[in-house]
Amino acid sequence: MPETTKKDRLLVIGAGMASGRMLEHLTEADPERFEITLINAEPRGSYNRIMLSPVLSGDKTLAEIITHDAEWYAKRGITCRFGTSVSEIDRAARLVQTDDGESHTYDKLILATGSTPFIIPLPGHDLDGVIAYRDVEDTSRMMALGAGQRAVVIGGGLLGLEAAAGMAARGAHVTVVHLMDHLMERQLDPEAGAMLAKSLEAKGIELRLGAQSKEILGEDGRVTGLALEDGTVLPCDLLVMAVGIRPNLALAKDAGLHAERGVLVDDQMRTSDDNVLAIGECVEHRGAVFGLVAPLFEQAKVAAKTLLGQPATFTQKPLATKLKVTGCDLFSAGDFANAPGREEIVLRRPGIYRRLVLEGDHLVGAVLYGDTGDGPWFFDLIQEKTSVADFRELVIFGQAASGEGPEGGPPDPLSAVAASPLERRCDGLTRPEVFTMPPIVKPVTSPHQSEASP
């Protein structure tokens, strides 16, 4: 009788999007290599967190955004411990203890503990009704807010605005409090941020920009409002903090793994312990931490290959940000901060805004609002450091107008602009108007540096 080969024991902590993708790669490549156990604090498997906002607004159901349900894991022979938290990792014994008293041994361990929302330690932050916006349970709390009730959202970034829009769509009165002078300052310049603000206000969302929160007010242990530094009090039945996330490092640090901003990993996603890999929002790689999906999925692929003994290297790649916030299309890439020696080209049309930043004949940054179709092309120009000298006067109108499309060769300028996607999307725009209302070109001389990042 042939001898059965003993499988290596793989233990995965965390069932987020990164670990779900890693398990896909691993089980597709070699379904018999590992005996896999998955432990997850949430009472479910992996789901698409990006789609929590459509769930909040009522456009999708929770069932529609689950990517790995119990049946998926069962078909691959993966043992799941949902609703269970890990209390300790003993690396010397290769043993993991859970809060329900169970012990799990491993040959290889994957840390995919994700991130935790940052809660501003304001007085009253521990009141009932003060929540983050991170998981299904948070989303359910917001969905339970009745029509006519009041909500305050602290944070004017993408997550905060999605929370605000979702609750407003359900009939709640929502106020967004943001410390900075314009929304989404990491992705948008002030003008694009102002256009977004106008769109949100048209949907009934109140904005308090440049506002400093002072204290969360409550009665009988429950939130009743937010007091601002200027003395304003904003009544609310629910207060949502959406001011950022931090890598979840507690387990890694307690286990003695090297960690700084995140769990330190090499190019193969190995931690300081060769038997422990880490992926997702909990990691730090070459000084960077990650919150976007694309690098997390790449980490998942590399980790799976590393576990299988195959060569793989995680390489950080510059990313553009293409977003849809409450029906508004946004795009930003590169560095669009003001700096000496730079020049900007700005195009304004009703509902459309484009700003390109150039150094010499090279595009270094782009911000688009309302029409983002040329975003990937602008991103390629930035990444490839392509000279735009031959089509500098037309570059603002996009790829087709610049003669850089699949057919190649610079077309006649008038016909190029007439054929551009931008013109077709602008009501009433005709060929003569394009040239009698040209984009604004001006030097950028301010030394101001922005925190903008793709």
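The structure presented is a predicted model; accordingly, all values stated were derived computationally and were not measured. Note that these values count all heavy atoms, side chains included, but never hydrogens, waters or copies made by symmetry.
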>> Quick check on the 6.0 Å ring-centre criterion: do Phe314 and Phe290 meet it?
In response: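 Yes, ring centres under 6.0 Å apart.
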Evaluate the side-chain proximity of [Y] to [X]: yes if any heavy-atom separation is below 4.5 Å, no if none is.
X      : Y      : result
Ile216 : Leu239 : yes
Thr386 : Asp380 : no
Val176 : Leu209 : no
Leu363 : Val357 : no
Leu109 : Leu277 : no
Asp254 : Ile89  : no
Lys317 : Pro295 : no
Leu200 : Leu183 : yes

Hey, what do you get for [atom1] ([X]) to [atom2] ([Y]), rounding to the nearest 0.5 Å?
X      : Y      : atom1 : atom2 : result
Leu122 : Leu226 : CG    : CG    : 7.0 Å
Leu111 : Ile13  : CG    : CD1   : 5.5 Å
Thr175 : Arg208 : OG1   : CZ    : 7.0 Å
Lys7   : Asp30  : NZ    : CG    : 9.0 Å
Phe331 : Phe379 : CZ    : CZ    : 7.0 Å
Gln268 : Gln299 : CD    : CD    : 12.5 Å

> More than 12 heavy atoms of other residues, nucleotides or ligands under 6.0 Å from CD of Glu35: is that the case?
Replying inline: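 Incorrect, the count does not exceed 12.
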> Around atom CE of Met180, are there more than 12 heavy atoms of other residues, nucleotides or ligands at under 6.0 Å?
Replying inline: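 For Met180, atom CE is not crowded (no more than 12 foreign heavy atoms under 6.0 Å).
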Does any N or O in the side chain of [X] come within less than 3.5 Å of the main-chain N or O of [Y], such that one atom is a donor and the other an acceptor?
X      : Y      : result
Thr372 : Leu368 : no
Asp107 : Arg9   : yes
Arg170 : Gly166 : no
Thr116 : Asn248 : no
Thr67  : Ser46  : yes
Asn40  : Ala15  : yes
Glu185 : Gly193 : no
Ser402 : Leu394 : yes
Ser19  : Gly14  : yes
Asp266 : Met269 : yes

> Stepwise, does the side chain to side chain contact (heavy atoms under 4.5 Å, CB included) test hold for Leu26 with Lys305?
Replying inline: CA-CA 7 Å; Leu26 191 65; Lys305 289 187 175 182; over 6 Å; no
Please find the pair of heavy atoms, one from [X] and one from [Y], that lie closest to each other, and give the distance.
X      : Y      : result
Val283 : Ile279 : CG1-N, 3.4 Å
Pro54  : Ile50  : CD-O, 4.1 Å
Met167 : Val240 : CE-CG2, 4.0 Å
Val152 : Cys236 : CG2-CB, 3.7 Å
Tyr369 : Ala192 : CD1-O, 4.0 Å
Asp267 : Arg286 : OD2-NH2, 2.8 Å

>> What verdict does the side-chain hydrogen bond (donor to acceptor under 3.5 Å, both in side chains) test give for Glu24 and His68, after you've listed the backbone C-alpha separation in whole Å, the side-chain angles of each residue and the deciding distance to 0.1 Å?
In response: CA-CA 10 Å; Glu24 288 177 13; His68 301 74; 2.7 Å; yes
> Do Met142 and Ile131 pass the side chain to side chain contact (heavy atoms under 4.5 Å, CB included) test, and can you show the C-alpha distance, the side-chain angles, and the key distance before you say yes or no?
Replying inline: CA-CA 9 Å; Met142 287 185 274; Ile131 65 172; 4.0 Å; yes
Going by distance alone, is a donor N or O of one side chain under 3.5 Å from an acceptor N or O of the other, for [X] and [Y]?
X      : Y      : answer
Tyr353 : Arg355 : no
Thr98  : Thr84  : no
Thr37  : Arg81  : no
Gln97  : Ser103 : yes
Asp273 : Thr271 : no
His182 : Glu191 : no
Glu162 : Tyr133 : no

>> Please determine whether salt bridge (charged side-chain N to carboxylate O under 4.0 Å, His left out) holds for the pair Arg141 and Asp128, giving the CA-CA distance in whole Å, both sets of side-chain angles, and the decisive distance to 0.1 Å.
In response: CA-CA 11 Å; Arg141 291 288 299 272; Asp128 182 26; 3.4 Å; yes
Salt bridge flag under 4.0 Å for residues [X] and [Y]:
X      : Y      : answer
Glu359 : Arg342 : yes
Lys108 : Asp8   : no
Lys75  : Asp69  : no
Lys385 : Asp361 : no

>> With salt bridge (charged side-chain N to carboxylate O under 4.0 Å, His left out) as the criterion, how do Glu28 and Arg21 come out once you've worked through the C-alpha distance, each side chain's angles and the decisive distance to 0.1 Å?
In response: CA-CA 11 Å; Glu28 287 171 6; Arg21 183 59 63 92; over 6 Å; no
> Picking from Asp189, Asp371, Asp329, what satisfies salt bridge (charged side-chain N to carboxylate O under 4.0 Å, His left out) with Arg354?
Replying inline: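 Result: among Asp189, Asp371, Asp329, Asp371 is the only option passing the salt bridge (charged side-chain N to carboxylate O under 4.0 Å, His left out) with Arg354.
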> Is there a side chain to side chain contact (heavy atoms under 4.5 Å, CB included) between Gln187 and Leu330 once you walk through the steps?
Replying inline: CA-CA 9 Å; Gln187 290 85 17; Leu330 311 170; over 6 Å; no
> Would Leu23 and Val12 count as a side chain to side chain contact (heavy atoms under 4.5 Å, CB included) if you check the C-alpha gap in whole Å, the side-chain angles of each, and the deciding distance to 0.1 Å?
Replying inline: CA-CA 9 Å; Leu23 288 171; Val12 181; 4.3 Å; yes
> side-chain contact (heavy atoms from CB on, under 4.5 Å) with Ser115: which residues, sequence neighbours excluded?
Replying inline: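 Ser115 satisfies side-chain contact (heavy atoms from CB on, under 4.5 Å) with Arg134, Ile245, Glu281 only.
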> Is Arg44 close enough and on-axis enough to Phe82, meaning under 6.0 Å and within 45°, for cation-pi?
Replying inline: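 Judged by the rule (NZ or CZ under 6.0 Å from the ring centre, within 45° of its axis), Arg44 is not positioned above Phe82.
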